[in-house]
There are 2 protein chains.
Amino acid sequence: MLKLTRKVEYSLIALRHMQRKSIDSVSSTKEIATHYNIPLEILAKTLQHMAKENIIEAINGPRGGYRIKAKLNNINLAEFFEKVEGPLGLSDCFYDANCMQIEHCNIRTPIQRINDNMINMFRSMSVQDITN
Amino acid sequence: MLKLTRKVEYSLIALRHMQRKSIDSVSSTKEIATHYNIPLEILAKTLQHMAKENIIEAINGPRGGYRIKAKLNNINLAEFFEKVEGPLGLSDCFYDANCMQIEHCNIRTPIQRINDNMINMFRSMSVQDITN
DNA sequence: TTTATATCCGATATAAATTATCGGATATAT
DNA sequence: ATATATCCGATAATTTATATCGGATATAAA
Ligand code: SF4
Ligand code: SF4
């Protein structure tokens, strides 16, 4: 409960790795996977996904790889989590309302307050705060 | 990702339900389950668990059920989540360190900061803040 | 032009966590 | 005695997360 997924962690690890290099040098999937002991194919998928979201860009061919494309200090953590993992919310009903209890739920409003607190907390931090 | 479990929601729904009654009246599992459309057996398990944690107490026999035992304003949400769901943490390595990346992980420290923020947020609210 | 090294992409398999159910024991007020 | 409860261990089903496969495409360098 309340955990980050591997996909998010792998994304952040990769971003931090790339950020420590000069701006135009690229990092291959294999390089990152072996360095951090991440399953290659999963990392590949993760990086493809981030490329599609325009966070990083792919350079094809030999000596290719990925490099950072977006301004990481302009992406807050709430946005980032949603880009990588989809909708964010403590309970389903905050983004997808098919809950059996919703008709009679007596805790939705109080939980929404907590949810807002949490999301505000993530909004107050940028990806750069982590990768720096 | 980052969602509460049903067990936590059912627990809170039940607590709020009980809190709205006079202090010594009891609520049966069936009463709560039908009122909120929660699967009976699951709710039963959930209530048994809270009873074992001394949050509520069970009254056996006909006309039995559960009633609140603990002072809900003395239990903060971080404690509560841990009582109901077990250890709390954004990543496994904060309570159970068998992660393949831990040797070379470059994001553990920054994520720990976020983790601390989150847990402090939960510590700053009591169960009563939700059930009231 | 060929080759080796990359990413790309859809589909699928595996594992883990969550959610739900079953069967039968025990307690107790009426 | 009986009906109404909780109690408890075991297990099943479902959903989510994690990992893998197979083959296409792009391109730098030999
Ligand atoms: S139980 Fe209440 S808070 Fe939880 S998902 Fe359903 S409606 Fe939302
Ligand atoms: S990847 Fe890093 S932060 Fe995540 S669990 Fe492993 S060691 Fe902890």
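Predicted model only: the values in this text are computed from it and were never measured. Residue numbers begin at 1 in each chain, while the letters A, B, ... track the order of the sequences.
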| Just how far is it from atom CG of B/L43 to atom OH of B/Y36, taken to the nearest 0.5 Å? | 10.5 Å
Filtered N/O pairs between nucleotides 28-30 of chain D and protein, under 3.5 Å:
none

| Separation between CD of A/Q19 and OG of A/S27, rounded to the nearest 0.5 Å | 11.5 Å
| Given atom NZ of B/K45 and atom C1' of D/dA12, what is their separation to the nearest angstrom? | 13 Å
| query | Backbone N or O of B/Q101 within a donor-acceptor pair of the A/N37 side chain at under 3.5 Å? | reply | no
| Is any side-chain N of the basic residue among B/R67 and B/D24 closer than 4.0 Å to the acidic one's carboxylate O? | no
| remark: When B/Y66 and B/K3 are each assigned the nearest nucleotide of DNA chain D, the 5'-most assignment goes to B/Y66
| note | Between the CG atom in A/L77 and the CG atom in A/D129, the distance rounded to the nearest 0.5 Å is 7.0 Å
| task | Estimate the overall bend of the helix from C/dT1-D/dA30 to C/dT30-D/dA1 from the end axes over five pairs each, rounded to 10 degrees. | result | 10°
| message | Go through it in stages, so that I can follow the logic: the residues are A/M125 and B/I114, the test is side-chain contact (heavy atoms from CB on, under 4.5 Å), and I'd like the CA-CA distance, side-chain angles, deciding distance and then a yes or no. | response | CA-CA 9 Å; A/M125 283 178 280; B/I114 306 176; 3.9 Å; yes
| task | Report the distance from atom SG of A/C93 to atom CD of A/Q112, rounding to the nearest 0.5 Å. | result | 7.5 Å
| Shortest non-hydrogen contact from A/I107 toward B/E9 | CD1-O, 3.6 Å
| query | Listed in order of residue number, which residues of residues 31-44 of chain A have a non-hydrogen atom at under 4.0 Å from DNA chain D? | reply | A/P39, A/E41, A/I42
| query | Do any of residues 9-29 of chain B sit with a heavy atom less than 4.0 Å from DNA chain C, and if so which? | reply | B/Y10
| request: Please name the pair of heavy atoms, one in B/I75 and one in B/E79, separated by the smallest distance, quoted to 0.1 Å. | output: CA-OE2, 3.9 Å
| query | Between CG of B/L47 and CD1 of B/I42, what distance do you get to the nearest 0.5 Å? | reply | 11.5 Å
| task | Provide the start and end nucleotides, 5' to 3', of the part of DNA chain C that has atoms under 4.0 Å from heavy atoms of chain A. | result | C/dA4 to C/dT18
| field | Side-chain (B/N73) to main-chain (B/Q128) donor-acceptor, under 3.5 angstrom | value | no
| task | Please report the closest heavy-atom contact between B/G64 and B/S28, naming both atoms and the distance. | result | O-CB, 4.0 Å
| query | Taking for each residue the nucleotide of DNA chain C bearing the nearest heavy atom, is the 5' side occupied by B/K7 or by A/E57? | reply | A/E57
| request: Could you check A/G65 against A/M1 and say which one's nearest nucleotide on DNA chain C is further toward the 5' end? | output: A/G65
| request: Looking only at non-hydrogen atoms, find the nearest pair between B/R16 and A/P110 and report the distance. | output: NH1-CG, 3.4 Å
| Partners meeting ring pair (Phe, Tyr, Trp, His ring centres under 6.0 Å) with B/F94 (sequence neighbours left out) | none
| B/M18 CE to B/I23 CD1 distance, which is reported to the nearest 0.5 Å | 11.5 Å
